[in-house]
Amino acid sequence: MIDLKPSINFWHDFKSNQTAGMWLFLGSRRALQIVRPSILQLIFWGILGGLANSLFSWLIAGEAGEFNSQGLVSYALWPFLALIVGIFLSQRTNNPRLMLVPALLWLVLDTHIALLQSLIQYLGNLDYLPYALYDYLPMLFMVLFVWQSLAVVWVFSRELHWPWWERALIIGATLFTLVVWQMSVKSQPIWKVEEQPATFAEDALYAQPQLLNKSLEQIQFGEFAKTHWYFVGVAGASYQDVFKSEVLRIKEQFDTRFGTFGRSVALVNNPATRTELPIASRTSLELVLRRIGQQMNHESDILFLYMTSHGLPNQFEIENAPLDLAQVDPKWLREALDRSGIRWRVIVISSCFSGSFIPALQSDNTLIITAAAADRESFGCNNEADYTYFGRAFFDQAMREQQSMQTSFQQAKATISQWESAQGFEPSEPQWVIGKNMELMLPQLEQSLFPPSHLQPSSTLEPASAP
């Protein structure tokens with residue numbers, strides 16, 4: 001028999017019910033010994049639960065979310081079901097005060113779990129969580145939601161000494177209902193983001209051939225007996241602004257400080273630049289490489305190819321929805337470079353698992369720098385950032401302070417290691433692989449890239465947060 005304590009006053013009952021919710025989370029029957037049910041407590045915790053879940057849904061939706069009343073109705077279904085269970089239990093045990101207990105305990109526990117989820121989601125939005133945890137957050141939230149209802153059933157079944165078969169049947173039915181409901185309610189959150197189909201406007205469609213041709217035509221010839229650097233920047237993924245920002249900033253840095261003006265091209269996938277810059281694709285990249293190969297002096301000029309995006313092992317992401325673009329893989333990139341006839345190559349790839357490109361791209365005349373090892377992820381990809389971790393450390397800091405590629409890389413690698421360690425990320429382990437001919441030739445080529453008069457004070461900007 002469940003002996004419910006009498007009500008004392010609102011705040012005393014509030015604290016008792018809050019403590020009861022904590023014991024319920026642990027699956028302890030002590031929750032039933034200290035809970036103090038009343039209509040006022042049920043209403044108050046119902047309001048708190050609705051607000052806490054609204055906060056959690058708002059944090060998930062972000063700025064694009066809009067209030068969805070249907071989502072609030074869907075949420076209210078569960079305390080209503082718990083109230084029906086309470087009516088059934090009160091009649092079965094001949095204890096009228098028991099009627100409010102299941103719904104009240106469910107709301108108390110749900111409020112605390114929603115607040116915990118909101119805190120986790122908030123920290124995730126700020127990129128303060130360990131990177132490996134992000135993939136498991138939806139599963140964690142699902143487990144917490146399912147447990148809060150199973151805990152109510154578990155505690156009551158033990159306190160009322162239900163037979164094992166009845167316990168198993170009710171817990172199984174509850175678990176099935178919870179999972180099915182949770183899967184279906186995803187389309188009706190309290191704060192909802194209306195998905196907009198990706199579009200590619202007509203003016204952008206017709207502007208692209210002209211933009212690409214203009215970029216190809218402005219690439220200047222290399223002068224005889226003089227070293228020129230040619231810069232190509234590729235921003236692969238359109239759905240995060242950091243790649244566009246990074247490529248354009250680095251292109252400006254090369255044009256103004258390293259003398260590539262008239263010999264640089266940016267290929268950018270981003271909705272904001274579709275009528276201003278040629279998009280990044282395998283076709284546009286190959287055409288640019290071919291044009292540079294035709295214009296440069298093969299003996300003394302050098303290509304600096306910078307590619308930044310998301311990535312998978314042996315894959316650099318090229319995305320510009322709704323266009324169906326082929327991805328860049330190491331074999332294709334090597335073949336495109338070979339077909340261009342470009343002899344001296346510095347290839348820098350900033351993406352997760354970018355080290356997987358090294359075996360295919362290696363040659364005696366090539367320097368390859370990657371933001372991560374073949375089995376590691378890189379960090380700093382979010383819309384609020386101007387650079388990825390690697391882009392900021394290597395280009396915005398080290399190459400403004402050092403006078404060679406190698407010392408710039410060494411400084412950037414140390415800096416990135418400090419940032420990753422401070423935030424608890426697994427080391428990305430940037431890679432440096434240089435061919436024997438390039439190792440001999442690079443100091444001579446760098447004389448035109450790092451003239452002493454162009455050295456500037458280091459940047460004091462802080463690193464962007466990781467995803």
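Heavy-atom basis, side chains included; hydrogens, waters and symmetry copies ignored. For this chain, numbers begin at 1 and follow the sequence in order.
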*Asks:* Assess the residue pair Glu166 and Arg92 against the criterion (salt bridge (Lys or Arg N to Asp or Glu O under 4.0 Å)); give the C-alpha distance rounded to whole Å, side-chain angles, the decisive distance to 0.1 Å, and a yes or no.
*Replies:* CA-CA 14 Å; Glu166 188 174 357; Arg92 181 172 177 174; 2.9 Å; yes
*Asks:* Has Glu252 got more than 12 heavy atoms of other residues, nucleotides or ligands less than 6.0 Å from its CD?
*Replies:* no
*Asks:* Between the side chains of Gln397 and Thr415, does any donor sit under 3.5 Å from an acceptor?
*Replies:* no
*Asks:* Give a yes or no on whether Trp23 atom CH2 has more than 12 heavy-atom contacts from other residues, nucleotides or ligands under 6.0 Å away.
*Replies:* no
*Asks:* Quick check on Trp147: does its CH2 atom have over 12 non-hydrogen neighbours (other residues, nucleotides or ligands) under 6.0 Å away?
*Replies:* yes
*Asks:* Parallel, tilted or perpendicular, judged at 30° and 60°: which one describes the rings of Phe304 and Phe231?
*Replies:* parallel
*Asks:* Thinking salt bridges, do Arg282 and Glu286 make one under a 4.0 Å N-O criterion?
*Replies:* no
*Asks:* Is it true that atom NZ of Lys5 has more than 12 heavy atoms of other residues, nucleotides or ligands lying nearer than 6.0 Å?
*Replies:* yes
*Asks:* Would you say the side chains of Asn95 and Ser90 form a donor-acceptor pair under 3.5 Å?
*Replies:* no
*Asks:* Under a 3.5 Å threshold, yes or no: a donor from one side chain and an acceptor from the other, between Ser57 and Ser54?
*Replies:* no
*Asks:* Would you call Lys192 and Glu66 a salt bridge, using N to O less than 4.0 angstrom?
*Replies:* no
*Asks:* Strictly by modelled atom types, are Ser428 and Glu420 linked by a side-chain donor-acceptor pair under 3.5 Å?
*Replies:* yes
*Asks:* Does the separation of the ring centres of Phe10 and Phe44 fall below 6.0 angstrom?
*Replies:* yes
*Asks:* In terms of heavy-atom contacts, does CZ of Phe67 have more than 12 from other residues, nucleotides or ligands at under 6.0 Å?
*Replies:* yes
*Asks:* Determine, stepwise, if the pair Asn53 / Thr111 fulfils side-chain contact (heavy atoms from CB on, under 4.5 Å).
*Replies:* CA-CA 7 Å; Asn53 278 270; Thr111 300; over 6 Å; no
*Asks:* Which residues pass the side-chain contact (heavy atoms from CB on, under 4.5 Å) test with Ser7, not counting sequence neighbours?
*Replies:* Asp13
*Asks:* Ignoring hydrogens and geometry beyond distance, is a side-chain donor-acceptor pair present between Arg249 and Ser245 at under 3.5 Å?
*Replies:* yes
*Asks:* Starting from the C-alpha separation in whole Å, work towards a yes-or-no answer on side-chain hydrogen bond (donor to acceptor under 3.5 Å, both in side chains) for Gln18 and His112.
*Replies:* CA-CA 9 Å; Gln18 190 173 32; His112 287 86; 3.2 Å; yes
*Asks:* Give a yes-or-no answer on whether the side chains of Asn269 and Tyr239 include a donor-acceptor pair shorter than 3.5 Å.
*Replies:* no
*Asks:* Do Gln411 and Glu401 have a side chain donor and acceptor closer than 3.5 Å?
*Replies:* yes
*Asks:* Working note: Val101 + Phe156, criterion side-chain contact (heavy atoms from CB on, under 4.5 Å); need CA distance, chi angles, decisive distance, verdict.
*Replies:* CA-CA 10 Å; Val101 175; Phe156 273 97; 3.6 Å; yes
*Asks:* Does either side chain, that of Asp329 or that of Gln315, offer a donor lying less than 3.5 Å from an acceptor on the other one?
*Replies:* no
*Asks:* So, do Phe14 and Trp45 have ring centers that fall under 6.0 Å from each other?
*Replies:* yes
*Asks:* More than 12 heavy atoms of other residues, nucleotides or ligands under 6.0 Å from CG of Asp203: is that the case?
*Replies:* yes
*Asks:* Look at the aromatic rings of Tyr75 and Trp106 and report parallel, tilted or perpendicular, splitting at 30° and 60°.
*Replies:* tilted
*Asks:* Pairing donors with acceptors under 3.5 angstrom, does anything connect the side chains of Gln240 and His310?
*Replies:* yes
*Asks:* Say whether Ser16 and Arg36, considering side chains only, have a donor N or O and an acceptor N or O under 3.5 Å apart.
*Replies:* yes
